[in-house]
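Data first, discussion second: the structure below is written as structure tokens.
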There are 2 protein chains.
Amino acid sequence: MNHYPASLKQLIDNLARLPGIGRKSAERLALHILKASHREADLLASSIVEVKKRVRLCRRCFALAEEDYCPVCTNMNRDHSRICVVEKPADMAAIEMSGGYNGSYHILQGALSPMDGIGPDDLRIAELLKRVDVDGPSEVILATGTNVEGEATAAFISEKLHHQPVRVTRIASGVPMGGDLKYVDQVTLKRAMETRHDTRYLDK
Amino acid sequence: MNHYPASLKQLIDNLARLPGIGRKSAERLALHILKASHREADLLASSIVEVKKRVRLCRRCFALAEEDYCPVCTNMNRDHSRICVVEKPADMAAIEMSGGYNGSYHILQGALSPMDGIGPDDLRIAELLKRVDVDGPSEVILATGTNVEGEATAAFISEKLHHQPVRVTRIASGVPMGGDLKYVDQVTLKRAMETRHDTRYLDK
């Protein structure tokens with residue numbers, strides 16, 4: 001690419017480092033930024049700087065926040081007797097978008113993964129256990145992923161909370177809504193069968 | 001997305017404005033930037049600002065440049081008696097990458113498109129005609145696109161150069177290299193047949 005000016009090459013290189021952005025996409029984005037108004041480019045650049053400057057982790061649940069505590073933790077209309085444990089901020093975002101939960105969260109910042117050298121001390125597990133100990137919530141919902149790492153993390157935390165007077169639940173796995181049984185993989189179907197529930201739920 | 005901090009929402013919004021980046025991708029990129037080192041984020045932000053500040057159009061061929069003239073125009077090892085006419089900087093980049101051309105360029109900054117209100121005066125056609133008049137090149141290669149707009153633009157320029165003592169050529173259209181004839185569309189195949197050439201070329 002020695003026919004592009006140095007500053008453009010630099011921008012393409014930096015964009016290509018972003019996840020899911022290849023050289024071709026980076027080139028397309030860079031040429032778009034070059035064509036965009038000065039205002040649009042400045043907004044994009046300054047929002048990158050701002051996000052790094054402002055965003056930190058909530059001191060209680062480790063969600064993304066711009067203050068010491070996140071909006072969920074400071075919202076008195078939320079049910080703080082429930083703690084939903086997730087791996088990443090994006091998981092919390094997905095649950096919030098679903099609208100099916102009004103409790104608080106605890107973001108572990110990852111999942112146990114011995115292969116990648118991630119043990120309990122690399123996650124916010126100690127903080128969760130302390131929170132349960134001090135605040136005495138009624139329920140801890142383990143909403144880590146349903147892959148090997150997420151399952152292991154859920155099992156690990158469940159074990160750690162065994163002697164606490166708290167209900168520990170796991171988010172349900174099963175046939176996706178609108179899904180066709182014949183397209184669901186065997187492991188999911190087996191889990192869906194094992195965790196079947198009474199139809200009382202449907203009558204509500 | 002009212003669960004993300006304001007500065008993060010702002011970054012997601014700005015990223016989602018880029019072409020080919022949807023909300024989900026913007027969210028993923030923003031969370032990556034948030035997790036990246038301060039140095040990486042600053043580099044990305046400053047390269048956006050720099051590219052807008054530094055890059056301008058070459059005064060001769062309208063390629064992207066950081067000086068008054070682009071590296072191709074100031075390179076004395078290039079054959080300045082040939083001018084390859086393309087629509088966009090990315091087209092020039094593609095030809096440079098192919099390594100099959102050592103002449104100079106003229107970047108029109110688009111193609112004729114009456115539907116979008118783009119006429120000859122919106123492109124760098126007058127500058128091309130003047131360049132041909134003053135510099136007297138031996139060949140003008142029309143390498144605009146092979147879609148309707150590119151073809152019309154090539155035809156328009158060819159007509160304008162009709163009375164100039166310059167060879168005007170059109171980049172070849174045909175079966176892509178490594179391509180199978182049965183998968184090539186009819187228009188391309190018709191053009192490939194019409195513009196067939198002697199096999200002398202193969203003997204070289």
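Every chain is numbered from 1 and lettered A, B, ... according to where its sequence line falls, protein lines coming before strand lines.
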Checking heavy atoms, do the side chain of A/His38, its backbone, both or neither come under 4.5 Å from chain B?
-> both

So what's closer than 4.5 Å to chain A heavy atoms on B/Ala30: side chain, backbone, both or neither?
-> neither

Looking at B/Arg131, B/Arg60, B/Arg78, which one forms a side-chain hydrogen bond (donor to acceptor under 3.5 Å, both in side chains) with B/Ser104?
-> B/Arg131

Among B/Asp42, B/Ile21, B/Leu18, residue most engaged with chain A (heavy-atom pairs, under 4.5 Å) | B/Leu18

Measure the CZ-CG distance between A/Arg54 and B/Leu8 for me, rounded to the nearest 0.5 Å.
-> 12.5 Å

Would you mind telling me which of B/Ala36, B/Ala93, B/Cys70, B/Ala90 has the largest number of heavy-atom pairs within less than 4.5 Å of chain A?
-> B/Ala93

Counting distance only, does the side-chain N/O of B/Ser158 pair as donor-acceptor with the main-chain N or O of B/Ala155 below 3.5 Å?
-> no

Do B/Glu139 and B/Ser81 meet the criterion of a side-chain donor-acceptor pair at a distance under 3.5 Å?
-> no

Any salt bridge between B/Arg23 and B/Asp13, counting N to O under 4.0 Å?
-> yes

Name the region of A/Ile33, side chain, backbone, both or neither, that has any atom closer than 4.5 Å to a heavy atom of chain B.
-> both

Under 3.5 Å donor-acceptor, A/His106 side chain and A/Glu87 backbone = no

Pick one of side chain, backbone, both or neither for A/Ala65, based on which atoms fall under 4.5 Å of a heavy atom in chain B.
-> backbone

Closest-packed option against chain B by number of heavy-atom pairs under 4.5 Å, given A/Gln10, A/Arg28, A/Glu50, A/Arg17 = A/Arg28

In terms of heavy-atom pairs under 4.5 Å, which option from A/Leu29, A/Leu15, A/Val49 contacts chain B the most?
-> A/Leu29

Give a yes or no on whether the backbone of B/Gly119 and the side-chain of B/Asp122 come within a donor-acceptor separation of less than 3.5 Å.
-> yes

Which one of B/Pro19, B/Ala41, B/Ala63 has the most heavy-atom pairs closer than 4.5 Å to chain A?
-> B/Pro19

